[in-house]
2 protein chains.
Amino acid sequence: MTAVENASARDQILDAAEALFAVQGLGPTTIKEIGAAAGQNPALIYYYFGSKEELYRAVLQRVIGAMLARGEATLDAAPTPPEAIRALVAAQLEFVLGHPNAPRLLVRELIDHEARRAEAALLQLAAGVFKRLCGVIEQGQEQGVFRRDVEPRFAAVSTISQVIYFTIARPAIGLFFGEGSRGVSEATARAFGRHAGEFALHALLVAEQIA
Amino acid sequence: MTAVENASARDQILDAAEALFAVQGLGPTTIKEIGAAAGQNPALIYYYFGSKEELYRAVLQRVIGAMLARGEATLDAAPTPPEAIRALVAAQLEFVLGHPNAPRLLVRELIDHEARRAEAALLQLAAGVFKRLCGVIEQGQEQGVFRRDVEPRFAAVSTISQVIYFTIARPAIGLFFGEGSRGVSEATARAFGRHAGEFALHALLVAEQIA
DNA sequence: GTCTATAGGTGGATAGAC
DNA sequence: GTCTATCCACCTATAGAC
């Protein structure tokens, strides 16, 4: 009955809902299912969140907030544009390893956008990360380390796409790598993360800069 | 009542279902909705397909078949590994412009895999395309035009990820490009396609090969 | 804050006429 | 092959006891 225990019941619902929404999506996930997974009475969901939709929004907010904070902190901390690219991709990979639900929720939300149910907030925030990364790439071009015949905004999309797609397509990639359709091992995922940073860098660096 | 008209009723259901499944997913799309969108009686869906699930499978089969045929033909026709990379990315972009539902259905299916509903066939086929592309990259490495310090399978994933992610994230990218949250223009999409081919090539080519 | 019971609505699927 | 009518299961949400 204390504030802590209340928060805990609420959080257990949030955690269970996040996992179920990520794997099944909003529609097919039922209130009863969430209650059972959370070890809580389904009626509590209405007490704490009002409706299934609002619970879904709360789940999204939490995930997006965490992802964004991580991305911005990483970009801010990097000393040079090439380091920023490498660090961002590495942070992206570490983030999705720790929060495998995040890209699933995010991508579902993007696909659902034309179903007019997506949060405008998500779109704004996603666009915000792109802009920050784009600034870093422009800076690298001004410093003469990145090629000038690259559209910075396009390059930002290409850079970010790799880890997200890798995570989403993990079952198919697991088969491709002979590691089964349940997805690749964590070691392979980390190796891909290092590759993705280098791949983007080599695509961006002027030829003389390449070691 | 002719065979052609029968096929037409069936195809109208398939077309309507494809669009609805792509935008909303399987769960939230109702049989009645599909019937209305197709201009057909919902009961016909059971006559032709047996169940909602089997209709969904038929939709997937059609899309995957088209995508695969296009990809393999493109790779087969390219004379050199660099040309193959460029041509594959260009074909990918043209395909998604013509079939905007395809990547949505495919990515939904991948995300849903842990919900144990995905087709093993899709995973096998996706892995097949990766393998073909991977062979092209290895060939380029043997010929000395592509860098040897790149894992070919990772590079295949990075190359393919760009256009698919661009399509999925189109609403966010639309905002980012100041073209509204309904997505970017076709001209911008084509420009991105050209960029993505070059991005992957620069990431792969040995330094001396870069013009 | 937490639980039970249930109302109210909708969805997938089928039976059977035409 | 196509349509109408309908059954049954299930889901969201609420009312109200504790």
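Letters A, B, ... are given to chains in the order of the sequence lines, protein chains preceding strands, and every chain is numbered from 1.
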Rounded distance [0.5 Å steps], CZ in A:R170 versus CG in B:L123: 14.0 Å

Among C:dG1, D:dT12, C:dT4, the one nearest A:K52 by side-chain distance: D:dT12

Stepwise side chain to side chain contact (heavy atoms under 4.5 Å, CB included) check, B:R57 with B:F49: CA-CA 10 Å; B:R57 294 221 181 88; B:F49 300 96; over 6 Å; no

Interatomic distance where CG belongs to A:N41 and P belongs to D:dA13 [whole Å]: 15 Å

Of the listed nucleotides D:dC11, C:dT2, C:dG11, the one nearest the side chain of A:K32: D:dC11

Heavy-atom pair of closest approach, residues A:A78 and A:E83: CB-C, 4.0 Å

Rounded distance (Å) that lies between atom P of D:dA9 and atom CD of A:E33: 20 Å

Between D:dC11 (P) and A:Q24 (CD): distance, integer Å: 11 Å

Criterion ring pair (Phe, Tyr, Trp, His ring centres under 6.0 Å) on B:F192 and A:F154, from CA distance to verdict: CA-CA 6 Å; B:F192 180 82; A:F154 285 159; 5.4 Å; yes

Distance in angstrom units between B:I34 CD1 and C:dA13 C1', rounded: 13 Å

side-chain N/O A:Y46 vs D:dA13 OP1/OP2, d < 4.0 Å: yes

Straight-line distance of B:I31 CD1 to B:I45 CD1, nearest 0.5 Å: 4.5 Å

Closest listed nucleotide, where the reference is the side chain of B:S51 and the choices are C:dT14, C:dC3, C:dA13: C:dA13

Candidates D:dT2, C:dT14, C:dT2 - which lies nearest the side chain of B:A43: C:dT14

Spacing between A:L44 atom CG and C:dT4 atom C1', to the nearest angstrom: 12 Å

Rounded distance in Å - OH (B:Y47) to P (D:dG1): 4 Å

Integer-rounded Å distance: D:dT14 C1' and A:F49 CZ: 18 Å

Nearest-nucleotide pick for A:Y48, side chain only, options being D:dT2, C:dA13, C:dT2: C:dT2

Interatomic distance, A:I31 CD1 vs D:dT14 P [rounded to whole Å]: 11 Å

